[in-house]
Enquirer: 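The structure is given below, and queries will be raised subsequently.
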Amino acid sequence: LFYEISSGAGYNFVVSVAVGDVDSLADFSDIFTTAGQKFYSKIDADTDFMVVQESYTDAYDYDVFSENILMLNDTVGFASASPKCFITQLWGKDFDVINDNTNKISETYDYKLSPVGSVFNKITEDNPNFKLLNDDGTPTLEGSYTMALCYFCVITGTRATEDLYNPAI
């Protein structure tokens, strides 16, 4: 979705790696794990941006969250990469604690914040029937589109406008 939004707006971003099926940043920050090997093999000096999202459990505990970010930064450094880093603000239960921890991580490690959690909360507050999340807490298609739009706006420095909406996506 991010690629569709950005190319539709005239940007040429290439998404070179997406690491899924992991429980926390620690899982793909460790180059001795399968996810870590996949991540490490894709990131290099040509990587311009990196967007990360921590698990709820680890984001709730600032010390664990911070340790995972340090490990991730080491892995990125080993790959001779120096991307501009973005961190996703989570949504849902315990939002205030997780939001505070994500903000502290953003400030401490110079990760730019993608305010997905705040946007999700605002949308559901203003439109309670608009479903951004499935029952298991994963984003719906609309939620995924909203996340991609948040990333796009934060990376490009543009505002979300109606002309970015593409119903064909």
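Scope of the values below: all heavy atoms of this structure, side chains included, with no hydrogens, waters or symmetry mates. It should be emphasised that the depicted structure is a prediction, and the values quoted were computed from it without experimental measurement.
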Enquirer: Got Val119 and Ser114 here, is their nearest side-chain heavy-atom distance under 4.5 Å?
Expert: no
Enquirer: Heavy atoms only: give me the nearest Asp58-Phe65 pair and the separation to one decimal.
Expert: O-CB, 3.4 Å
Enquirer: Out of curiosity, does Leu70 fall in the hydrophobic cluster containing Ile87 (side-chain heavy atoms, cut-off under 4.5 Å, transitive links)?
Expert: yes
Enquirer: Atom CG of Leu132 and atom CG of Leu141: how far apart are they, to the nearest 0.5 Å?
Expert: 11.0 Å
Enquirer: Sequence neighbours left out, what passes side chain to side chain contact (heavy atoms under 4.5 Å, CB included) with Val51? Give chain and number order.
Expert: Phe86, Thr88, Tyr151, Ile155
Enquirer: Just to verify, what does Lys84 make a salt bridge (Lys or Arg N to Asp or Glu O under 4.0 Å) with, not counting sequence neighbours?
Expert: none
Enquirer: Not counting sequence neighbours, list each pair that qualifies as a salt bridge (charged side-chain N to carboxylate O under 4.0 Å, His left out) and has a residue in residues 109-125.
Expert: Lys122-Asp126
Enquirer: The criterion is side chain to side chain donor-acceptor pair (under 3.5 Å); which residues satisfy it with Asn134, sequence neighbours excluded?
Expert: Thr138
Enquirer: Looking at CG of Asp96 and CG of Asn101, how far apart are the two atoms once the value is rounded to the nearest 0.5 Å?
Expert: 11.0 Å
Enquirer: Do Leu90 and Phe120 make a side-chain contact, defined as non-hydrogen atoms from C-beta onward lying under 4.5 Å apart?
Expert: no
Enquirer: Using ring pair (Phe, Tyr, Trp, His ring centres under 6.0 Å) as the criterion, list what pairs up with Tyr40, not counting sequence neighbours.
Expert: none
Enquirer: Rounded to the nearest 0.5 Å, what separates atom CG in Asp61 from atom OG in Ser66?
Expert: 10.0 Å
Enquirer: Quick one: list whatever passes salt bridge (Lys or Arg N to Asp or Glu O under 4.0 Å) with Lys104, sequence neighbours left out.
Expert: none
Enquirer: How far apart are the closest heavy atoms of Val116 and Gln89, and which atoms are they?
Expert: CB-O, 3.5 Å
Enquirer: Met71 and Tyr60: same hydrophobic cluster, using ILVMFWY side-chain contacts below 4.5 Å?
Expert: no
Enquirer: Is the number of heavy atoms from other residues, nucleotides or ligands under 6.0 Å of Gln53 CD greater than 12?
Expert: yes
Enquirer: Going by side chain to side chain contact (heavy atoms under 4.5 Å, CB included), name the residues that satisfy it together with Met50, two or more places apart in sequence or in a different chain.
Expert: Phe39, Ile43, Val52, Leu72, Val76, Pro83, Cys85, Tyr111
Enquirer: Who pairs with Asp74 by side chain to side chain contact (heavy atoms under 4.5 Å, CB included), at least two apart in sequence or on another chain?
Expert: Phe78
Enquirer: Take Leu113 and Val154 through the test side chain to side chain contact (heavy atoms under 4.5 Å, CB included) and record every step on the way to the result.
Expert: CA-CA 8 Å; Leu113 183 67; Val154 168; over 6 Å; no
Enquirer: Return the minimal non-hydrogen interatomic distance between Ile98 and Ala59, and the atom names on each side.
Expert: CG2-CB, 3.9 Å
Enquirer: Which residues satisfy the salt bridge (Lys or Arg N to Asp or Glu O under 4.0 Å) test with Asp136, sequence neighbours excluded?
Expert: none
Enquirer: Rounded to the nearest 0.5 Å, what's the gap from CD1 on Ile69 to OG1 on Thr108? Could you check?
Expert: 10.0 Å
Enquirer: Could you list the residues that satisfy side chain to side chain contact (heavy atoms under 4.5 Å, CB included) with Asn127, not counting sequence neighbours?
Expert: Ile123, Phe130
Enquirer: Taking side chain to side chain donor-acceptor pair (under 3.5 Å) as the test, write out the residues that go with Glu142, two or more places apart.
Expert: Thr140
Enquirer: Tell me, please, which residues at least two apart from Tyr62 pass ring pair (Phe, Tyr, Trp, His ring centres under 6.0 Å).
Expert: none
